[in-house]
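In listed order, ligands and their atoms are each counted from 1.
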Amino acid sequence: MRIVLMGPPGAGKGTQARRLAESTGMKHLSTGDMLRAEVAAGTELGLLAKSFMDKGDYVPDSHIIAMIEQLVDDPAGILLDGFPRTIVQAEALDEALEKVGLPIDKVVHMSVDTDELVLRLSNRAICKKCQTPYNLISNAPSKDGVCDNCGSEVIVRDDDKPEAVKNRMKVYEELTAPVLNYYRQRGNVAEIVATGTPDSVFEKLSQAIELTQSAG
Ligand code: ADP
Ligand code: ZN
C-alpha cells in the first residue's frame with residue numbers, strides 16, 4: 001500500500017504514522033525526520049535545510065524530491081508523512097510511482113482546528129536522536145527531558161517557537177492546501193478529524209485505510 005498522510009503542522013501525522021508503520025510493517029517516510037537527521041549529522045543538505053526549517057519555510061522542492069524518489073517502491077508499502085507538500089512535489093511523486101507502476105491507495109487528511117494546533121505545537125518536544133514526538137502536557141517523557149524510547153535528550157524544535165509556528169501555518173495554507181485539492185479531484189481523499197486521544201485517532205485512521213483495501 002501507498003498511503004499519504006496530510007494535515008497541518010501539529011495534526012499528529014508523525015505520531016500516527018509511527019504507530020501505523022509499527023502495526024502494518026509499512027515503511028514510514030517522513031521528510032521532516034529525514035531532514036532533521038541531516039541537520040544532526042551536519043551534512044551539506046542539513047546545513048541548507050536548517051536555514052529554511054528554522055523560519056518555518058519549506059526546503060526547496062528539488063532537494064526533497066531527490067530524497068524521496070528512490071524510496072517509493074519499497075515492497076513493504078510506504079506511509080508518506082510530510083510529503084508531498086507542494087504541487088511540484090505531488091507531480092514528482094506521481095511520476096515516480098508511475099515509473100514503478102504503483103498507485104497511491106489513499107490520501108488521509110487529518111484536520112484539527114487552528115487553536116488546538118497552536119496549543120499542541122507550543123507544548124511539543126521531540127527526541128534529538130530517534131525523533132519520537134512528545135507533548136509536554138499530555139504525553140511527557142516519564143523522566144524529564146529524557147526519551148522513553150532511546151534515552152537521548154528530549155528538546156523543543158526550533159521551528160516550534162511561536163514566530164516559526166505562525167509562518168508554518170501560513171505556508172501550509174498557501175502551498176499545501178492546494179495539494180489536498182489536487183488529490184480531492186481524484187476522489188481518493190479520506191477525511192478524519194484528528195482530535196481526541198491518539199488511540200481514537202488511530203482507530204479512525206485504520207478505518208479510513210481499510211476502506212481502500214476493500215475497494216481494491
Ligand atoms: P510539521 O509537519 O510538524 O510541520 P515536519 O517534521 O514534517 O513538521 O517538517 C518540518 C520542516 O521540514 C518543515 O517546516 C519544512 O521546513 C521541512 N520539510 C519537511 N518536509 C518537507 C517537504 N516535503 N517540502 C519542503 N520542506 C519540508
Ligand atoms: Zn529517542
Side-chain angles (χ1 to χ4, degrees), residues 4-18 28-40 45-69 71-72 78-93 96 108-112 114 116-135 139-143 145-180 194:
V4 177
L5 285 187
M6 292 194 64
K13 300 181 295 290
T15 302
Q16 296 297 334
R18 278 162 183 267
H28 175 203
L29 297 178
S30 160
T31 44
D33 285 357
M34 290 176 187
L35 291 170
R36 281 184 290 276
E38 297 282 339
V39 172
L45 173 60
L47 222 60
L48 173 110
K50 189 170 167 40
S51 64
F52 292 95
M53 292 166 81
D54 284 355
K55 286 181 279 177
D57 288 330
Y58 287 170
V59 175
D61 287 329
S62 56
H63 296 286
I64 302 288
I65 292 164
M67 226 167 47
I68 285 282
E69 67 187 352
L71 305 174
V72 298
I78 57 169
L79 202 49
L80 290 168
D81 159 14
F83 177 90
R85 260 181 157 96
T86 64
I87 294 284
V88 171
Q89 292 177 19
E91 289 171 348
L93 175 62
V108 182
H109 176 215
M110 301 171 59
S111 60
V112 174
T114 309
E116 167 81 16
L117 290 175
V118 172
L119 196 69
R120 286 186 186 183
L121 292 172
S122 58
N123 295 312
R124 177 156 83 172
I126 188 171
C127 171
K128 216 173 159 174
K129 181 142 181 255
C130 75
Q131 312 213 29
T132 297
Y134 294 94
N135 181 293
N139 175 36
S142 22
K143 192 163 168 256
V146 180
C147 177
D148 292 343
N149 183 45
C150 77
S152 298
E153 195 188 351
V154 172
I155 54 158
V156 172
R157 278 165 46 175
D158 284 331
D159 63 345
D160 281 342
K161 306 202 165 135
E163 272 320 295
V165 166
K166 255 189 237 155
N167 188 43
R168 280 159 67 203
M169 299 289 184
K170 191 174 129 233
V171 171
Y172 179 83
E173 277 312 314
E174 279 173 16
L175 298 176
T176 307
V179 177
L180 253 180

Identify, with sequence neighbours excluded, every residue that meets side-chain contact (heavy atoms from CB on, under 4.5 Å) alongside [X].
X    : result
D57  : F52, K55, N167, V171
I155 : I126, K128, E153
V146 : K143

* Charged N to carboxylate O below 4.0 Å: is that the case for R124 and D160? -> yes

* Asked: Going by an N to O cut-off under 4.0 Å, is there a salt bridge joining D158 and K50?
  -> yes

[options]: member with heavy atom nearest to [atom]:
atom                    : options              : result
atom 12 (O) of ligand 1 : M6, M169, M53        : M53
atom 24 (N) of ligand 1 : R120, Q131, Q89, H63 : Q89
atom 9 (O) of ligand 1  : M67, R85, K55        : R85
atom 18 (N) of ligand 1 : L35, V59, T31        : L35

* To do: Identify which protein N/O/S atoms are less than 2.8 Å from the Zn ion (ligand 2).
  => C127 SG, C130 SG, C147 SG, C150 SG

* Asked: With no hydrogens and no angle check, is any side-chain donor or acceptor of Q131 less than 3.5 Å from a backbone partner on C127?
  -> no

* To do: Using atom types as modelled and distance alone, determine if a side-chain donor or acceptor of R120 lies under 3.5 Å from a backbone N or O of G10.
  => yes

* For atom 4 (O) of ligand 1, what is the nearest protein heavy atom, given as residue, atom name and distance? -> R168 NH2, 2.9 Å

* Asked: Looking only at protein heavy atoms, which one is nearest to atom 10 (C) of ligand 1, and how far off is it?
  -> R157 NH2, 3.5 Å

* Asked: In terms of atom number and element, which parts of ligand 1 are under 4.0 angstrom from non-hydrogen atoms of K13?
  -> 2 (O)

* Asked: Short list, please: which atoms of ligand 1 are under 4.0 Å from a heavy atom of D57?
  -> 15 (C), 16 (O)

Got [X] and [Y] here, is their nearest side-chain heavy-atom distance under 4.5 Å?
X    : Y    : result
F83  : L29  : no
V59  : L35  : yes
P162 : S122 : no

* Answer yes or no for R124: is there a heavy-atom contact with ligand 1 below 4.0 Å? => yes

